[in-house]
Amino acid sequence: YWFIGACLVGADDNVYLESTGTQYIDTGISMPQGFVSDFKITLKEIPNTLQVVIGAHSKDSPFYRNFVSISPADWCGKVTFFIGAYDHYCANIKLEKNATMYIRAGTATDACFVEKNGSMDMVCTQSHLQRSEANLYLFNINVPDSVRYHLAYPAFVKLFDMKIHTLTGELMRHMVPVPSGMRIGDFTVPENGMWDIVEQRFYGNDGTGEFTYGVDE
């Protein structure tokens with residue numbers, strides 16, 4: 001990493017943050033008009049249920065959604081990306097365990113899409129898709145049931161970085177993994193987590209347990 005003051009201006013493309021299922025990060029931003037996300041990811045486990053990489057879910061009916069996730073094979077016919085608004089859409093992209101991918105995914109109000117390693121797949125072209133106003137989470141999502149608003153659908157992935165843009169291209173977050181004990185200017189990272197280059201601030205685990213920080217060889 002390179003620093004100018006407290007600003008992370010360059011990052012190792014091979015460092016990652018990995019969740020074991022109980023960790024997540026609240027990005028602090030709500031994107032009800034939709035968002036575009038760019039990220040590098042490795043799928044660690046073939047899912048038997050949904051795994052949300054980034055997303056939000058409304059607390060109340062009609063339960064609007066706003067997420068990019070990975071689906072099990074029996075949901076979409078193959079392990080693939082699953083995009084959610086009020087309705088859900090399966091991408092045609094097939095995902096494999098331990099394969100590292102560069103992903104660009106968007107949840108616009110009139111369309112949603114996924115791009116894997118530069119190959120585009122338009123998932124839906126429905127107009128007026130309302131999005132959740134809840135904050136976007138990384139590695140998980142809050143989902144209401146008859147009892148409570150609770151975390152569900154954790155992502156068992158290695159996440160190497162995450163950029164979140166508005167639909168007009170404004171960069172809201174550029175989050176990169178940082179290890180416990182790293183010095184960034186006058187700040188000492190208290191735990192494995194993400195550093196946001198845009199805000200120049202640290203985001204730690206809002207769940208339980210600890211993220212794993214590592215380097216892919």
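No hydrogens, no waters, no symmetry mates; every other heavy atom, side chains included, goes into these values. Computed from a predicted model, the values in this text were never measured in an experiment.
- When each of Tyr203, Phe67, Tyr153, Tyr24 is paired with Tyr137, the ring pair (Phe, Tyr, Trp, His ring centres under 6.0 Å) condition holds for Tyr24 and for no other.
- When every heavy atom of Tyr149 is checked against every heavy atom of Pro144, the shortest pair comes out as CD1-N, 3.7 Å.
- Between Met31 and Leu136, the closest heavy-atom pair is CG-CD1, 3.5 Å.
- Listed here is the closest heavy atom pair of Cys76 and Phe82: SG-CD1, 3.6 Å.
- One hydrophobic cluster, built from ILVMFWY side chains closer than 4.5 Å, cannot hold both Val53 and Phe156; they sit in different ones.
- If you take OG1 on Thr100 and CG on Leu43, they are separated by 10.0 Å, rounding to the nearest 0.5 Å.
- Rounded to the nearest 0.5 Å, atoms CZ (Phe39) and CZ (Phe160) are 12.5 Å apart.
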Quiz prompt | Derivation and outcome, side-chain contact (heavy atoms from CB on, under 4.5 Å), residues Met194 and Leu17 | solution = CA-CA 8 Å; Met194 288 284 200; Leu17 205 65; 4.0 Å; yes
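- To the nearest 0.5 angstrom, Asn98 atom CG is 8.5 Å from Ile46 atom CD1.
- Ring to ring, Phe211 and Phe139 are close: their centroids are under 6.0 angstrom apart.
- Using a distance-only test at 3.5 Å, with no hydrogens or angles considered, no donor-acceptor pair links the side chain of Ser58 to the main chain of Asp60.
- A salt bridge links Lys158 with Asp216: the distance from a Lys NZ or Arg NE/NH1/NH2 to an Asp or Glu carboxylate oxygen falls below 4.0 Å.
- Both Phe187 and Val178 are assigned to one and the same hydrophobic cluster, defined by single-linkage of ILVMFWY side chains at heavy-atom distances under 4.5 Å.
- In terms of heavy atoms, Ser30 sits closest to Asn135 at N-OD1, 3.8 Å.
- Between the side chain of Lys59 and the main chain of Asn142, no donor-acceptor pair closer than 3.5 Å is present.
- Note on Glu199 versus Arg173: salt bridge recorded, some NZ/NE/NH1/NH2 to OD/OE distance being below 4.0 Å.
- Atoms OH and NZ, from Tyr16 and Lys40 in turn, are 11.5 Å apart once rounded to the nearest 0.5 Å.
- A distance of 6.0 Å separates CG in Asn205 from CD in Glu191, rounded to the nearest 0.5 Å.
- No more than 12 heavy atoms of other residues, nucleotides or ligands sit less than 6.0 Å from atom NZ of Lys163.
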Exercise. Give the C-alpha distance, both sets of side-chain angles, the deciding distance and a yes or no for side-chain contact (heavy atoms from CB on, under 4.5 Å) between Ile184 and Trp195.
Key: CA-CA 9 Å; Ile184 303 176; Trp195 181 265; 3.4 Å; yes
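- Between Asp38 and Arg104, at least one side-chain N (NZ, or NE/NH1/NH2) sits under 4.0 Å from a carboxylate O, which counts as a salt bridge.
- Cluster membership check: Ile29 shares its hydrophobic cluster with Met175, using side-chain heavy-atom separations under 4.5 Å among Ile, Leu, Val, Met, Phe, Trp and Tyr.
- The heavy-atom pair separating Asp121 from Asn92 by the smallest distance is OD2-N, 2.6 Å.
- Atoms OG and CG, from Ser37 and Leu138 in turn, are 9.5 Å apart once rounded to the nearest 0.5 Å.
- Scanning all heavy atoms of the two residues, the minimum distance from Phe113 to Met120 falls at CD1-SD, 3.7 Å.
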